[in-house]
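All chains are named by letter (A, B, ...) in the order of the sequence lines, taking the proteins before the strands, and each is independently numbered beginning at 1.
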Protein chains: 2
Amino acid sequence: MALFLSTFINKVDRKGRVSVPAPFRAAVRGQSFKGIVAFRSYREATIEACAMDRMERLSQSVDALDQFSDEQDELASTIFADAHQLPIDGDGRIVLPALLAAHAGITTAAAFVGRGETFQIWNPEAFERHQAEARARAGRRNATFRLAPRDGDK
Amino acid sequence: MALFLSTFINKVDRKGRVSVPAPFRAAVRGQSFKGIVAFRSYREATIEACAMDRMERLSQSVDALDQFSDEQDELASTIFADAHQLPIDGDGRIVLPALLAAHAGITTAAAFVGRGETFQIWNPEAFERHQAEARARAGRRNATFRLAPRDGDK
DNA sequence: TGGGATCATCTGGGATATCATGGGATATAA
DNA sequence: TTATATCCCATGATATCCCAGATGATCCCA
């Protein structure tokens with residue numbers, strides 16, 4: 001499994017194009033769809049993104065819910081309806097849909113922020129503020145977290 | 001597996017024709033029937049739609065329920081009896097049957113809303129309201145849900 | 001260790017193809 | 001025929017592809 005790590009800031013040109021950081025591109029190579037899937041975060045002013053295989057697993061999870069249930073409807077409306085398939089062009093770039101860029105307040109530059117299996121795309125200044133706050137909170141409550149067991153462990 | 005993702009708004013001309021978004025067309029290419037299957041949603045004022053292979057699988061699921069049960073009878077009559085096969089013409093368009101368009105309140109424009117393995121066709125304004133409500137609910141209860149396990153995991 | 005060459009990545013602009021959409025012509029059915 | 005539905009073509013807008021320059025990193029060799 002490929003992971004999205006670190007933070008990269010790239011420019012957005014007047015056509016709305018932006019280079020996907022090379023390490024992120026490597027993470028989506030070998031997928032059925034050679035691009036990324038992006039949608040508006042419903043919690044913050046940022047774009048959530050992942051590789052296609054994650055969306056496919058998401059689709060299976062949604063299908064496991066009762067067909068036509070409220071919960072299923074909500075997830076479908078907030079995630080699939082809002083998701084954009086963004087193909088990566090020959091030069092390693094994507095075009096940010098205007099709706100997504102507006103939601104994240106992105107105009108001339110975009111910060112690609114790795115989060116493991118997913119990543120976010122922020123307005124660089126907004127991300128810096130968000131990052132500072134998150135670090136402060138974590139420090140205050142001395143945050144720790146558990147590792148998932150290794151494959152094969154019980 | 002190809003998924004229906006994102007939302008596209010296209011115009012309906014005076015003949016009742018509307019372009020199927022190109023990414024959705026790609027998702028039904030390579031199917032036995034090169035078109036879409038559409039039927040009235042029984043929960044909301046929208047049209048439910050999918051590719052033919054999903055109808056075939058749905059048929060198998062229904063067969064697995066008790067024969068002659070109320071549930072089977074309901075599904076069969078509300079979905080299969082109401083389903084329309086809509087062929088895609090040479091220019092990538094379908095004609096919306098008047099009955100379906102009326103049910104969804106569609107007149108001059110239609111919103112194609114991806115939901116993973118299926119999609120919906122809405123009156124654009126009605127969908128915007130529906131979408132806003134779903135996002136609000138999701139944000140309020142901080143919706144998260146489990147991903148299906150990855151292939152090979154236990 | 002330092003300098004230089006090579007390579008990959010990021011960026012911008014122009015040419016090209018695709019898509020959505022309207023109108024008209026042709027086929028089909030009552 | 002009359003009405004309805006399907007096919008075919010034209011157009012404008014948009015998105016995609018292709019090429020070239022700039023920047024920075026890595027590698028190699030002295």
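Between the side chain of Arg17(A) and the base of dG13(C), a donor-acceptor pair under 3.5 Å is found.
If you check every strand for non-hydrogen atoms under 4.0 Å, Val18(B) touches nothing.
Computed from coordinates, the Phe8(A) CZ to dA25(D) P distance equals 12 Å when rounded to whole Å. Rounded to a whole Å, the CD1 atom of Ile88(A) is 17 Å from the C1' atom of dA15(D). When rounded to the nearest whole Å, the span between CG of Asp91(B) and C1' of dA25(C) equals 14 Å. One can place CD1 of Ile9(A) at 13 Å from P of dC10(C), the figure rounded to the nearest angstrom. Protein atom CG of Asp89(A) is 14 Å distant from nucleotide atom P of dT9(C), rounded to whole Å. Rounded to an integer number of Å, the gap from Ile94(B) CD1 to dT6(D) C1' is 15 Å. Residue Asn10(A) contributes atom CG, which lies 11 Å from atom P of dG12(C) at whole-angstrom precision. The CG atom of Asp13(A) sits 15 Å away from the P atom of dC17(D) (whole-angstrom rounding).
Within the 4.0 Å cut-off from OP1 or OP2 of dG13(C), at least one side-chain nitrogen or oxygen of Arg14(A) is found.
Aromatic ring pairs are classed by plane angle as parallel below 30°, tilted from 30° to 60° and perpendicular above 60°; the pair Phe24(A) and Phe8(A) is perpendicular.
Picking from dT16(D), dC19(D), dT21(C) the nucleotide with the shortest atom distance to the side chain of Ser19(B) gives dT21(C). Checking dC19(C), dC17(D), dT21(C) against the side-chain heavy atoms of Lys15(A) singles out dC17(D) as nearest.
Between Phe4(B) and Phe80(A), the distance from one ring center to the other does not fall under 6.0 angstrom.
Between Asp82(A) and Arg135(B) there is a side-chain heavy-atom pair separated by less than 4.5 Å.
Electrostatic pairing of Glu48(A) and Arg40(A) does not count as a salt bridge here, judged by no charged N lying under 4.0 Å from a carboxylate O.
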